[in-house]
Amino acid sequence: MTANGFLQLGFYLAVLLLLAWPLGLYMARIHRGELPIFVRWLQPAERGLYRICGIDPDQDMHWTRYAIAMLVFNLLGFLTVYLLQRTQLWLPFNPESLANTTPDSAFNTAASFATNTNWQGYGGETTMSYLTQMLGLAVQNFVSAASGMAVLVAVMRGFVRKEAGGIGNVWVDLVRSTLYILLPLSLALALALVSQGVVQSFSPYAKAELVQSIDYEQPKLGADSQPLKDENGQPVMEKLTAQEQTIAIGPAASQVAIKQLGTNGGGFFNVNSSHPLENPTPLSNFLEMLSLLLIGAALCVTFGRFVGGMRQGAAILAAMTIIFVGLLALCAGAEQAGNPLFERLGLDTRASALQAGGNMEGKETRFGVVNSALWATATTAASNGSVNAMHDSFTPLGGLVPMWLMQLGEVIFGGVGSGLYGMIVFALIGVFVAGLMVGRTPEYLGKKIEAFEIKMASVAILVPPLVVLVGTAIAVAVEPGRAGIANPGAHGFSEILYAFSSAGNNNGSAFAGLSANTPFYNTMLGFAMLFARYWLILPVLAIAGSLAAKKSVPPSAGTLPTHTPLFVVLLIGTVIVVGALTFLPALALGPVVEHLQLAK
Amino acid sequence: MLRDFKPALMIFIALTLLTGVAYPALVTGLAQLLFPAQANGSLIGKDGKIVGSAFVGQPFSDPKYFWGRPSATAPMPYNGGASGGSNQGPLNPALDDAVESRIAALKESDPAQTAAIPVDLVTASGSGLDPHISPAAAHWQAPRVARLRGIPETRLALLIDAHSTGRQFGFLGEPRVNVLTLNLALDAAGQ
């Protein structure tokens, strides 16, 4: 990689960690109810909201009530997104008269956005009306992120409270996350993105006269709007000439801002942030990448402040950063090394001052290799899933990195809230393993970790791999599953494994060659997303409730300190060992085989 | 469960109005006020007509124009109404075939150009709408365009520079040349 490549990566990490600190402290103040002076003017609005909704903000909730309320709230979002898609043709703000989506696609998308996954079985500009995008999808971008943050806040209270019956008020946690954190950040980011050229308009798509008209072929449609076939069963092609270019626009910037900040990832356009009107310049790219990991990193600082030890948060942040940097180096290196095919064909693939070089298939000129690899690593470290390059066209090792990052459980920064509560689950397993080695009851942050917590943590760690591996196995075993494959050989298996890794960990990115907008995949992946989200939230809230009810024990000589480099190593080891043992066999059949074939 | 249904519904409605109506309306209002050109797609007008967007590429196959990157959108390349990448894996024989035929077309367009072809000129972009090529890809095509349009290569080099963008702030992203604006400038020069 070039010196400029290292500079761009280093600059990104430096800015991320620098901004995480103040934002983390700010979020801690918000969620502890100590509103800073510059947002206090919003407080009457917050209180008025509770009054209108008939909510007592001081009411403490037991974890079961907290969980049920959260599920009901998420169910309402799910139903709304489903109904909007099924009726958008008859509703306003649909200037392109886009049709109602099919039931299976609507189910998939509703599950996808309610669970903060944002898997896209559809193409944005050809499927979703402006109304569906704003009132359905963008709202879920906010509230699914707020839901993740609320669960995390409840867990943090679990560590802090002593012999308490409740873990907080779910409505207060949801409203504060949205009103004081997600909305202001999104507003600022959206305007910055528009200044760079991201579109934000309610007008219909623009039409431009092409400088050079273009001849093309497309399948001829019969009266039943099905492709006509000739006597050999081949589609009949008709020759056409295009004089005009349609340029899809829409209210994109407002949605792109929250899709990045809320680790949602659902693009306004089909190709997400590789679309030049969704991500037009290197600066817009930088801002979008930064916001992708920002809240996840900052929540580690929030955690430290909450539990009364900044070094506790720093240790977790350090573990995340170390894994991230290691995998980033692998991905960027593989993509810059490129595809041996291109050298065999005599192309110029060297990185220089005049070109990015490397594996440019599926990548944009303005981002080149370095920013595409950085984005791919960040978007799968976080459970974001937005893309600025086509992961399906990455080299085998370059594509292994995002796939494995998802399989690690989306705990390297991870989703808003969900990343850190996932990492805390790994920390519990880590101290439990350490406790077994020395024969003492494990503790974490002054709470004894006992059988109930470990059972719940095991459920949280085992459900996603189960969903991923069983789902992949079913899909490769049945015809409707194999029918979706686009690339031959080991890469085709990778496409399916990637899809279930993405859905089963609420990421949302894809090896997009897979034809996933079919009843089979829409249904399978829809259920995968729902399982993976709520079978994590429930056990995690159970842990929160159980911890809150416990006494706090002072550290003793036998307590494993959880803010030291030793603990960082232990935590990294736990994440890597679980992730490697679970997924190496599957990875060997996909990207590893493909890498060996490519090197041959 | 019932006691929390009403608050759930009310909070959901309130947050929907806030984040699904007020927020996009506010962003749209401010965007149209502060950055009207960008917010509407950075469209380029010529003689009262819209001829494209500064950020959306167009297909060029005529040798007297600079060619952009291959586009995998359907049914025609550079379909701004339906973005898409090729999603071809690195070992896919279809990728091999596609790249080889693009190399053949470029070589046929300028048999005298024997330098190695820059990789971005024969690989499909992620969006299918990439407005840019690398400076290396522009320089590779310059002798052909200069000859067909009868302009000196030195003058053409200046024109390429005028439509090039370096790394933002000197280090972000990659250097690039805007194919559409460069070609429009060539036509405007009347050559």
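Chain letters run A, B, ... following the sequence lines, proteins first and then strands; every chain starts at 1. Both backbone and side-chain heavy atoms feed into the values below; hydrogens, waters and symmetry mates do not. As the structure is a prediction and not an experimental result, all values here were calculated from the model.
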### B:Gly89 backbone acceptor or donor facing A:Ser393 side chain under 3.5 Å
no
### Message
Donor-acceptor check, side chain of A:Gln8 to backbone of B:Phe171, threshold 3.5 angstrom: yes or no?
### Response
yes
First locate atom [atom1] of [X], then atom [atom2] of [Y], and finally report the distance between them rounded to the nearest 0.5 Å.
X: A:Met134; Y: B:Thr19; atom1: CE; atom2: OG1; result: 11.0 Å
X: B:Leu34; Y: A:Gln200; atom1: CG; atom2: CD; result: 12.0 Å
X: A:Ile247; Y: B:Gln58; atom1: CD1; atom2: CD; result: 7.0 Å

### Message
Could you check whether any side-chain heavy atom of B:Asp4 comes within less than 4.5 Å of a side-chain heavy atom of A:Trp171, counting everything from C-beta outward?
### Response
yes
#### Entry: Sub-4.5 Å side-chain heavy-atom contact between B:Val27 and A:Pro251
no
### Task
Please name all residues satisfying salt bridge (charged side-chain N to carboxylate O under 4.0 Å, His left out) with B:Asp97, sequence neighbours left out, ordered by chain then number.
none
### Summary
The complete set of ring pair (Phe, Tyr, Trp, His ring centres under 6.0 Å) pairs with one or both residues in residues 20-52 of chain B, sequence neighbours excluded, reads A:Phe142-B:Tyr23
### Task
Show your reasoning for whether side-chain contact (heavy atoms from CB on, under 4.5 Å) applies to A:Gln245 and B:Tyr78.
CA-CA 8 Å; A:Gln245 183 183 41; B:Tyr78 286 94; 4.1 Å; yes
### Task
Heavy-atom pairs under 4.5 Å with chain A are the metric here; pick the option from B:Leu43, B:Thr165, B:Leu184, B:Leu95 that has the most.
B:Leu95
### Result of checking A:Glu364, A:Glu278, A:His275 against B:Ser127 for side chain to side chain donor-acceptor pair (under 3.5 Å)
A:Glu364
#### Entry: Pair A:Glu361-B:Ser86, side-chain donor/acceptor within less than 3.5 Å
yes
